[in-house]
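Only heavy atoms go into these numbers, but all of them, side chains included; no hydrogens, no water, no symmetry mates. The chain is numbered in sequence order, starting from 1.
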Amino acid sequence: MLATSLEIVRTTPVNEEDEIRAEASGIVEVARSMKVTCAAESDAAASFLVEMKGTIAKGRAFFKKLKDPAKAAWDAVLKGEHEVVDPLVSAAQIIEATLLKWRRDEQARIDQANEITRKAEQKRLEDAQAAERKRAEDERIAKAINLEETGHADQAKAVLDAPIVLAPVAVRPVAVPLELPKAEGLVAKVRHTAEVKDPLAVIKFIANERPELIHLVTFSQASLNSLATAMKGAMSIPGIEFGTVESLAKSGKA
C-alpha cells in the first residue's frame with residue numbers, strides 16, 4: 001500500500017516541470033524498448049521521434065524560462081563584481097609595476113655598489129702585493145750589492161738566485177654585501193611564462209624532435225567541423241579523418 005502511494009506521488013504531475021519530467025520519462029522508457037524491423041514499425045518510430053523532438057523542444061523552452069532570469073541575475077552579479085574589483089586590480093597592477101621597477105633599479109644599484117667594493121678591495125690587495133714585492137726585491141738587491149762590495153760575490157749571487165719571500169698582505173674583514181630591503185608584507189616571486197610567436201616552428205619542432213610534447217598543441221573542434229562543412233568532404237589533411245554524422249530533423253509538415 002505504501003509502495004503504491006509513493007508511486008502515485010512520483011507520477012502525479014504537480015506543476016509544469018513535473019509534467020515535462022513525467023512526459024519525458026515515459027517517452028524514454030518507450031524509446032528504449034522500441035524496435036524497427038519493418039516499414040510499419042519505421043513509420044511508427046518516425047512519428048514517435050517527431051513526438052520526442054517536440055518534447056525536447058518543450059523541455060528546452062521550459063528550462064530557458066528558468067535559465068534566462070538566472071543568467072540575468074548572474075550577469076548582474078558579475079557586472080557588479082567587475083565594477084568594484086576591476087578598477088582595484090588595475091590600480092594594484094600600477095603600484096605593483098612601480099614597485100617592481102624600483103626594486104629592479106635598486107637591485108642594479110646595489111649590485112653595482114657591491115661590484116665597486118669588490119674591485120676596490122681586489123685592487124688594494126694587488127697594489128699591496130706589488131708594493132711588498134718591490135720592497136723585498138729592493139732589499140735583496142741592496143743586500144747583494146753590499147755582499148759584492150765586501151768581496152763576497154758567491155754569496156751575492158746566491159742572494160739574487162734565491163726565491164723572494166713576501167710578507168703576507170693584511171686582508172681586511174669581508175664587507176657585508178648590500179641587500180635589497182624586503183617589501184613589508186610582500187614576497188617577491190618569479191613566475192615563468194611562455195608565449196607562442198611562431199606556431200609553425202613549434203609544430204615542426206614537436207613533430208621532428210619532441211613528439212612527446214604533442215599535448216602542447218590543441219585543435220579547435222568547432223573550427224574543424226566548420227572546415228568539414230565548408231569542404232563537404234572534398235579535403236584531405238594527414239592525421240585528420242573527415243566523416244559525416246547522420247540525423248533526422250522534423251520536416252515541418254503537419
Checklist entry - Is it true that R133 and E137 have a side-chain N and a carboxylate O under 4.0 angstrom from each other? => result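 So R133 does not pair with E137 through a salt bridge.
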Item to check | K101 vs R103, side chain to side chain contact (heavy atoms under 4.5 Å, CB included): CA-CA, chis, key distance, verdict | outcome: CA-CA 5 Å; K101 182 181 183 305; R103 289 178 66 84; over 6 Å; no
Quick check: are there more than 12 heavy atoms from other residues, nucleotides or ligands sitting under 6.0 Å from [atom1] of [X]?
X: D154; atom1: CG; value: no
X: Q112; atom1: CD; value: no
X: E241; atom1: CD; value: no
X: R60; atom1: CZ; value: no

Checklist entry - Hey, mind stepping through L100 and R104 against side chain to side chain contact (heavy atoms under 4.5 Å, CB included) and telling me if it holds? => result CA-CA 6 Å; L100 289 173; R104 286 193 297 269; 3.7 Å; yes
Checklist entry - Do you reckon M52 sits in the same ILVMFWY cluster as V30, going by side-chain contacts under 4.5 Å, direct or chained? => result yes
Item to check | Intermediate values then yes/no, side chain to side chain contact (heavy atoms under 4.5 Å, CB included), T98 and W102 | outcome: CA-CA 6 Å; T98 302; W102 178 86; 5.8 Å; no
Once you round to the nearest 0.5 Å, how far does [atom1] of [X] lie from [atom2] of [Y]?
X: D18; Y: E16; atom1: CG; atom2: CD; value: 10.5 Å
X: D138; Y: K143; atom1: CG; atom2: NZ; value: 15.0 Å
X: I56; Y: E51; atom1: CD1; atom2: CD; value: 11.0 Å
X: R140; Y: L160; atom1: CZ; atom2: CG; value: 6.0 Å
X: K79; Y: D86; atom1: NZ; atom2: CG; value: 11.5 Å
X: E17; Y: I20; atom1: CD; atom2: CD1; value: 7.5 Å

Checklist entry - Taking the hydrophobic residues Ile, Leu, Val, Met, Phe, Trp and Tyr, and joining any pair whose side-chain heavy atoms are under 4.5 Å apart, which ones share a cluster with F219? => result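 Its cluster partners, ordered by chain and number, are V196, V202, F205, I206, L213, I214, L216, V217, L224, L227, M231, M235, I237, I240, F242.
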Next on the checklist: For A144 versus A156, what's the shortest heavy-atom pair and its separation?
Outcome noted: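 Taking every non-hydrogen atom into account, O-CB, 3.3 Å.
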Item to check | Over all atoms of both residues, closest heavy-atom pair of E41 and K35 | outcome: OE1-O, 3.5 Å
Item to check | Criterion side chain to side chain contact (heavy atoms under 4.5 Å, CB included) on K65 and F62, from CA distance to verdict | outcome: CA-CA 5 Å; K65 291 187 299 183; F62 170 77; 4.1 Å; yes
